[in-house]
There are 2 protein chains.
Amino acid sequence: MAPTQQVKRRATNQGAAVKEALAAEDTFRSAQDVYATLRANGEKIGLSTVYRHLQIFVDDGLADVIHKPDGESTYRLCGDASTTHHHHLVCRQCGKAVEIEGPAVETWADKVAAQNGFTDVNHTVEIFGLCTACAA
Amino acid sequence: MAPTQQVKRRATNQGAAVKEALAAEDTFRSAQDVYATLRANGEKIGLSTVYRHLQIFVDDGLADVIHKPDGESTYRLCGDASTTHHHHLVCRQCGKAVEIEGPAVETWADKVAAQNGFTDVNHTVEIFGLCTACAA
DNA sequence: GTCTTATTGGGAATCGTTCCCATTATGACA
DNA sequence: TGTCATAATGGGAACGATTCCCAATAAGAC
């Protein structure tokens, strides 16, 4: 894993469109979903391109990914540059997500890993539930 | 989600074989992996059947599932009946897993969810790293 | 403008998983 | 121990998400 290295990248309409589509919602959305939305809006873009940009956002640290239990990957733009480590509270119905932080969890995870001799540790913490709107 | 309801189930060689295969290792293994192992051992079993039993174990609370980042589902028998809620510290290389508990995390998750008005909450917490053997 | 080359997109290909359904075999009952 | 209803099996087709391939297109530097 090479250190974050910014590669020369061209600005294209498609790339901007994908970013806009993500920025328009504060929910985790699947590639298929984004693709469908863009097409519905009359955008001229291919599915491959959507996947490509989504992956680029993730690589550049602009977006977070969550793998839903059913295996589908969903994406969401996460705070700009700062890239603070955080987790999500996600509505399993509508996908709406709230960024949350849990310093205690971080230290706990590191401690447990160390106790068991594990190194090069990272972790995933996602909380799923029903948001107020969907619970109604 | 109906309350855990034991359905009448027949005992078959294949079902036992799948359980044995899982029991033989303390690592999370994919359906494909288990299937390959069984076939290699000369077992007469179909891929569908492996998936079927794996899912049954999960439904019955006998096994835990972890969805790897690449989307593949991996299974592991988890402590018998007791079904204590726990998480895993998993080696991303060999799949070896250690069951861990973090009461603090549970309460934290519930609290955060409640603060944001989320209900019917559950969460996933997995810690990935390299076990001592694989780090060498 | 011209030219290099990153980007695009559409369809084929992959891969894990689920579905379908005729065949097989478990377990209950006589 | 034999018979039967039906749960379980398995192999191949079907599926859905994602990746790959590559000729056509367009961004950006000079």
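Reckoned from all heavy atoms, side chains included, excluding hydrogens, waters and symmetry mates. Just so it is clear: chains get the letters A, B, ... in the order the sequence lines come, proteins before strands, and each one is counted from 1.
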> With A:H67, which residues qualify under side-chain hydrogen bond (donor to acceptor under 3.5 Å, both in side chains), at least two apart?
Replying inline: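 Scan of A:H67 (side-chain hydrogen bond (donor to acceptor under 3.5 Å, both in side chains), adjacent residues dropped) gives A:S73.
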> Can you name the nearest heavy-atom pair linking B:C94 to B:C131, along with the distance?
Replying inline: SG-SG, 3.9 Å
> Using a side-chain heavy atom cutoff under 4.5 Å and only I, L, V, M, F, W and Y, what cluster partners does B:V112 have?
Replying inline: A:L89, A:V98, A:I100, A:V105, A:W108, A:V112, A:F118, A:V121, A:V125, A:I127, B:L89, B:V98, B:I100, B:V105, B:W108, B:F118, B:V121, B:V125, B:I127
> Contact class for A:S30 vs. all strands (heavy atom < 4.0 Å): base, sugar-phosphate, or nothing?
Replying inline: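 Result for A:S30 = nothing.
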> Who else is in the cluster with B:F128 when I, L, V, M, F, W and Y are joined by side-chain contacts under 4.5 Å?
Replying inline: B:F28, B:I66, B:V90
>> Give the residues of residues 65-72 of chain A touching DNA chain D, defined as any heavy atom closer than 4.0 Å, sorted by residue number.
In response: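 A:E72, in order of number.
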>> Under 4.0 Å, heavy atom to any atom of DNA chain C: which of residues 33-56 of chain B qualify?
In response: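 Here the set is B:L47, B:S48, B:Y51.
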>> The criterion is side-chain hydrogen bond (donor to acceptor under 3.5 Å, both in side chains); which residues satisfy it with A:T74, sequence neighbours excluded?
In response: none
> NE2 of A:H53 to OG1 of A:T12: how many Å apart, nearest 0.5 Å?
Replying inline: 4.0 Å
Quick one: which protein N/O atoms are closer than 3.5 Å to N/O atoms of nucleotides 28-30 of chain D? Pair and distance per line, please.
{"residue": "D:dG28", "atom": "OP1", "partner": "A:A11", "partner atom": "N", "Å": "3.1"}

>> Restricting to non-hydrogen atoms, name the atom on A:Y35 and the atom on A:I45 that form the minimum distance, rounded to 0.1 Å.
In response: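 It is CE1-O, 3.4 Å.
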> For DNA chain C, which nucleotides open and close the run of contacts to chain A, 5' to 3', at under 4.0 angstrom from a non-hydrogen atom?
Replying inline: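 It runs C:dT5 to C:dG11.
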> If an axis is fit to five pairs at each end of the helix from C:dG1-D:dC30 to C:dA30-D:dT1, what is the angle between the two, to the nearest 10°?
Replying inline: 30°
>> Can you tell me how far apart CG (A:D110) and CD (A:E106) are? Round to the nearest 0.5 Å.
In response: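 Result: 7.5 Å between the selected atoms.
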> Taking atom OG1 of B:T49 and atom CD1 of B:I56, what is their separation to the nearest 0.5 Å?
Replying inline: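 Reported value, rounded in 0.5 Å steps: 9.5 Å.
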> Which part of the nucleic acid, if any, lies within reach of A:Q14 when heavy atoms closer than 4.0 Å are counted: base, sugar-phosphate only, or nothing?
Replying inline: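 If one applies the 4.0 Å heavy-atom cut-off, A:Q14 turns out to touch the sugar-phosphate alone, with no base involved.
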>> Measuring from atom NE2 of B:H88 to atom CD of B:E126, what distance do you get when rounded to the nearest 0.5 angstrom?
In response: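 Rounded to the nearest 0.5 Å, the NE2-CD separation comes out at 7.0 Å.
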> Please, which pairs that meet salt bridge (charged side-chain N to carboxylate O under 4.0 Å, His left out) have at least one residue in residues 28-47 of chain A, sequence neighbours excluded?
Replying inline: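 For residues 28-47 of chain A: A:R29-A:D33.
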> Who passes ring pair (Phe, Tyr, Trp, His ring centres under 6.0 Å) against B:H123, sequence neighbours left out?
Replying inline: B:H85, B:H87
> Are side-chain heavy atoms of B:T27 and B:R76 found at a separation under 4.5 Å?
Replying inline: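 Contact flag for B:T27/B:R76 side chains = no.
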Would you be so kind as to tabulate the donor-acceptor pairs closer than 3.5 Å made by side chains of residues 13-26 of chain A, with sequence neighbours excluded?
none

> Just by distance, do the side chain of B:D60 and the backbone of B:L62 share a donor-acceptor pair under 3.5 Å?
Replying inline: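 Side chain of B:D60 to backbone of B:L62, a donor-acceptor pair under 3.5 Å: no, none is there.
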